[in-house]
Amino acid sequence: MDNNSVQQDVNDLIRRRFEELEELKAMNVQAYAYQFDVDSYSAVLKNNFEKYEAKDVKVAGRIMAIRRMGKASFAHLQDKLGRIQIYLKKDEIGDSYDAFKLMDIGDIIGIEGFVFKTKTGEISVHAKSLTLLSKSIRPIPIAKEVVDENGNKTVYDQFADKELRYRQRYVDLIVNPEVKEVFKKRSAIVTTIRQFLDTNEFVEVETPILQPLYGGAAARPFITHHNTLDMDLYLRIADELYLKRLIVGGFDRVYEISKDFRNEGIDKTHNPEFTMLELYVAYKDYNWMMTFVENMVNHTAEKVFGKTEFEIEGKKVSFNSPWKRVSMVDELKNYTGLDVLSASKEDLKLELKKRGVETKDGLSKGKLIDELFEITIQPSLIQPTFVTDYPVELSPLAKKHRTREGLVERFEGFVLGREICNAFSELNDPIDQRERFESQVKMIEEGDDEAHQIDEDYLKAMEFGMPPTAGLGVGIDRLVMLLTNQPSIRDVILFPHMRHRTED
RNA sequence: GGGCGCGUAGCUCAGUGGUAGAGCAUCUGCCUUUUAAGCAGAGGGUCGGUGGUUCGAGACCACCCGCGCUCACCA
């Protein structure tokens, strides 16, 4: 936003700040500094008072509260680690004190001074000099915090409007410190997963986001256009087909952590772009992968949170190994009495209807089975559980089950009734793969707009010979939601997609 | 897309048909260890938008915009 449009935003608070800017200029105070040599941070000073008492420090941060008392003032400075109080006296900082009178909550300043404790016991920095680093011209929402004798924190007037918090995340981060904590945890989770994979001899790779064909998942894509090639391209819905080409090429263990894009609805668990971890391991199968997932999640939980048992949405969840493993069709038989493999489509529809679900025509048997699973078994999977062996129609890239007809070697991990990962023994038989693609094309012809396209180049790669391989996909956003106990995907994505606003 | 709810000052909210309010923030004055600092005073509004009903609308009605919850779609 340029200066003019800020000034057009007619508002007394903003107008006043422009006046202050002029007054500061008249006092020869630079409102936007070039640098400041910070050497100390709030929490460090407060946690190590004995070490820092009476020592000179340089702190910088955003003013979050001011208490002026004539010729002396207190203020709270917020830096990356929290808040610390500063004390300013006209006697000691002279002209800077007059400049300080023109500063507001939201301004960023640097303080050089010594650490002390006030009468009332608050560890503070007694300023010897004050430097304005950046003048804020928009008022930030003021939240006041009170900590009582018992250490209970009460926040008054917390910035709570969810729409504004998501649209102006920078403000949310300034004002709501717990938001920053969630994103620090997210960062630590991703870093830890990377370290875990690196120590397990994976190679991190990058594959195309712009793809001439989309595949690897059942979803509708975003379409874009390359001008000089004059061709439409799709934003990827999954990394899978490229990563498996790399397995063909001789990378035995590869992974990619990156954005996928799916042109679908937006809700608590869906954002149009989301972060996916996919990894592939040559010479292993899905049984091996289940143990690997357990280890990876446990390692991450332990390293980032120091525990493997969590309370999530009021329920105790233990990620300790081994996770429960159940077969999808066996569970359905136990639950409904129906052998879904030998059952007809009509039987399945009847079973669904009994539970109040009307199905539209043209659904494959596999989808009906999946539907029945979702409404019967899935919600009851609170503790981490691997559900194994899915109908072949649902999984055109997974290897047929070695003993069970009509199924593939696939598992999904569920926690609190929500899917957190998807994996299979990868299909490496090019003839079978071609047949699978062809039956997907029939599904497209029957109106399934999410069925898989034929990827001839992928088939060609597989025809050169692909080792047996285990593959895994983990929705990072959803994993972070679980571990940080956040109810909405928007709370773990810094800038979630919002509907465009015409005004504003 | 359906249902329900919400949108009033920078922030948090009250205001059920009759002169737009409160607290915090802002401004002025006093105040050199305060802490939701205090005391005294002041300013600040397209009540999401458009249209309608009415003598009169922040409120009632219709449509639209945005957000939340939920169902559907969807992994």
Side-chain angles (χ1 to χ4, degrees), chain A residues 9-17 19-20 64-76 83 85-93 97 101-102 104-106 116-124 126 136-148 153-168 171 175-176 216-220 237-238 260 262-272 274 276 356-358 360 367 370-371 374 378 394 412-414 418-422 449-450 473-475 477-478 487-490 496 498-504:
Chain A
D9 201 331
V10 183
N11 174 304
D12 285 344
L13 298 174
I14 291 174
R15 191 183 297 128
R16 172 61 195 152
R17 293 192 173 198
E19 287 168 13
E20 289 169 345
M64 297 303 286
I66 303 179
R67 291 176 290 282
R68 302 182 200 272
M69 291 164 300
K71 297 183 184 63
S73 296
F74 288 92
H76 271 112
R83 293 184 184 186
Q85 182 170 261
I86 56 168
Y87 179 55
L88 304 150
K89 256 167 110 168
K90 186 168 169 67
D91 290 357
E92 293 169 39
I93 62 170
Y97 196 81
K101 287 180 182 164
L102 297 169
D104 297 285
I105 292 172
F116 78 114
K117 202 180 260 186
T118 63
K119 269 186 195 167
T120 49
E122 180 160 352
I123 294 161
S124 310
H126 190 128
S136 166
I137 55 177
R138 278 183 191 272
I140 62 169
I142 307 299
K144 289 205 172 186
E145 288 181 20
V146 186
V147 184
D148 68 15
K153 194 159 85 175
T154 312
V155 182
Y156 295 86
D157 298 341
Q158 184 160 37
F159 182 48
D161 184 315
K162 285 209 167 177
E163 178 179 356
L164 278 177
R165 289 179 54 195
Y166 296 141
R167 287 189 194 275
Q168 298 175 216
V171 177
V175 175
N176 294 318
R220 296 204 304 268
I237 59 172
D260 286 347
R262 298 187 185 174
N263 207 339
E264 291 160 355
I266 298 176
D267 63 27
K268 273 206 304 197
T269 57
H270 296 82
N271 195 59
F274 60 100
M276 189 76 152
V357 178
E358 289 295 335
K360 52 185 185 191
K367 282 220 166 174
D370 196 40
E371 185 92 354
E374 279 177 24
Q378 185 173 331
L394 293 176
E412 292 189 326
F414 292 91
R418 309 205 292 251
E419 179 205 336
I420 59 158
C421 68
N422 181 22
D449 58 0
E450 295 185 341
V474 179
D477 312 276
R478 291 183 183 176
S488 169
I489 199 166
R490 293 189 187 97
M498 306 285 278
R499 202 176 291 274
H500 181 64
R501 268 192 148 175
T502 44
E503 317 152 58
D504 208 56

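The chains referred to below are lettered A, B, ... by the order of the sequence lines, with proteins before strands, and numbering in each begins at 1. Fair warning: this is a prediction, and the values are worked out from it, not measured in the lab. FYI, side chains are in, hydrogens and waters are out, and symmetry mates aren't considered; it's all heavy atoms of this structure.
Between Tyr87(A) and His126(A), the two ring planes are perpendicular [angle over 60°; tilted spans 30° to 60°].
Where Gln85(A) and Glu419(A) meet RNA chain B, the nucleotide closest to each residue was compared, and Gln85(A) sits on the side nearer the 5' end. Residues Pro141(A) and Ala72(A) each lie close to RNA chain B; by heavy-atom proximity, the contact nearer the 5' end of the strand is made by Pro141(A).
Nucleic acid contact for Gln158(A): sugar-phosphate only, since backbone atoms but no base atoms lie under 4.0 Å from a heavy atom of the residue. When heavy atoms are screened at a 4.0 angstrom cut-off, Ala219(A) is found touching the sugar-phosphate backbone but no base atom. Residue contacts for Tyr87(A): at a heavy-atom cut-off of 4.0 Å it reaches a base atom on one of the strands shown. Nucleic acid contact class of Glu92(A) (heavy atoms, under 4.0 Å, all strands): none.
Comment: Lys367(A) does not engage Asp370(A) in a salt bridge, judged by the lack of any side-chain N to carboxylate O separation of less than 4.0 angstrom. Looking at Arg167(A) and Glu163(A), a side-chain N of the basic residue comes within less than 4.0 Å of a carboxylate O on the acidic one, giving a salt bridge. Taking a cutoff of 4.0 Å between a charged side-chain nitrogen and a carboxylate oxygen, Lys71(A) and Asp91(A) do not qualify as a salt bridge.
With rounding to whole Å, Phe274(A) atom CZ is found 15 Å from C74(B) atom P. Rounded to whole Å, atom C1' of G68(B) lies 13 Å from atom CZ of Arg499(A). Look at CD on Glu374(A): it is 9 Å from C1' on C74(B), rounded to the nearest Å. C11(B) atom P lies 13 Å from atom CG of Asn176(A), rounded to whole Å. Rounding to whole angstrom units, CZ of residue Arg67(A) and P of U35(B) are separated by 8 Å. Remark: C1' of G7(B) and CZ of Arg165(A) are 17 Å apart, rounded to the nearest angstrom. Note: CE (Met498(A)) to P (C65(B)) measures 16 Å, nearest angstrom. Between the CE atom of Met64(A) and the C1' atom of A36(B) there is a distance of 14 Å, given to the nearest Å.
The shortest distance between side-chain heavy atoms of Pro139(A) and Ile14(A) falls below 4.5 Å. At a threshold of 4.5 Å between non-hydrogen side-chain atoms, the residues Asn176(A) and Gln158(A) count as touching. Counting heavy atoms from C-beta outward, Ile489(A) and Lys268(A) have side chains that stay 4.5 Å or more apart. Contact of the Asp104(A) side chain with the Arg17(A) side chain is registered, since non-hydrogen atoms from C-beta on lie closer than 4.5 Å.
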Item to check | Leu88(A) and Tyr97(A): CA distance, side-chain angles, deciding distance, side-chain contact (heavy atoms from CB on, under 4.5 Å) verdict | outcome: CA-CA 7 Å; Leu88(A) 304 150; Tyr97(A) 196 81; 4.1 Å; yes

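As rounded to the nearest Å, C55(B) and G7(B) have C1' atoms that lie 29 Å from one another. The separation of G45(B) from G15(B), taken at their C1' atoms, amounts to 14 Å, rounded to a whole angstrom. A distance of about 28 Å separates the C1' atoms of G52(B) and A9(B), rounded to the whole Å. Taking the P atoms as reference points, U46(B) lies 27 Å from G41(B), given to the whole Å. Taking atom P in both C74(B) and C4(B), one finds a spacing of 24 Å when rounded to whole Å. Distance check on atom P: U53(B) versus G10(B) gives 32 Å, rounded to whole Å. With both ends at atom P, the span from A25(B) to G18(B) equals 32 Å, rounded to whole Å. U26(B) and C11(B) have their C1' atoms separated by 12 Å, with the value rounded to a whole Å.
In a base pair of the Watson-Crick type (N1 to N3 plus N6-O4 or O6-N4) or a G-U wobble (N1-O2 and O6-N3), with each distance short of 3.5 Å, G1(B) is matched with C71(B). Judged by Watson-Crick or G-U wobble contacts below 3.5 Å, the nucleotide U50(B) has A62(B) as its partner. Using the Watson-Crick or G-U wobble rule with both distances under 3.5 Å, G45(B) pairs with nothing in any strand shown. The partner of G38(B) is C30(B), judged by Watson-Crick or G-U wobble contacts that both fall below 3.5 Å. Nucleotide A20(B) forms no Watson-Crick or G-U wobble pair with any nucleotide shown, as no partner meets the under 3.5 Å limit on both distances. Under the Watson-Crick or G-U wobble criterion, with both distances below 3.5 Å, A9(B) has no partner in any strand shown.
Using modelled atom types, no side-chain atom of Arg490(A) and backbone atom of Tyr166(A) make a donor-acceptor pair closer than 3.5 Å. Judged purely by atom type and a 3.5 angstrom limit, Asp267(A) uses its side chain to pair as donor or acceptor with the backbone of Thr269(A). No donor-acceptor distance shorter than 3.5 angstrom exists from the side chain of Arg67(A) to the backbone of Phe74(A), with no hydrogens or angles considered.
On a pure distance criterion of 3.5 Å, a polar donor-acceptor pair joins the side chain of Thr118(A) and the base of U34(B).
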Report, one pair per line, the protein and nucleotides 22-31 of chain B atoms (nitrogen or oxygen only) whose separation is under 3.5 Å.
unit_1	atom_1	unit_2	atom_2	d
G23(B)	N2	Asp157(A)	OD1	3.1
G23(B)	N2	Asp157(A)	OD2	2.8
C24(B)	O3'	Lys144(A)	NZ	3.0
A25(B)	OP1	Lys144(A)	NZ	2.8
C27(B)	OP1	Glu20(A)	OE2	3.3
C31(B)	N3	Gly70(A)	N	3.1
C31(B)	N4	Gly70(A)	N	3.2

Between the protein and nucleotides 69-73 of chain B, list the N/O to N/O atom pairs that are separated by less than 3.5 angstrom.
unit_1	atom_1	unit_2	atom_2	d
U70(B)	OP1	Lys268(A)	NZ	3.1

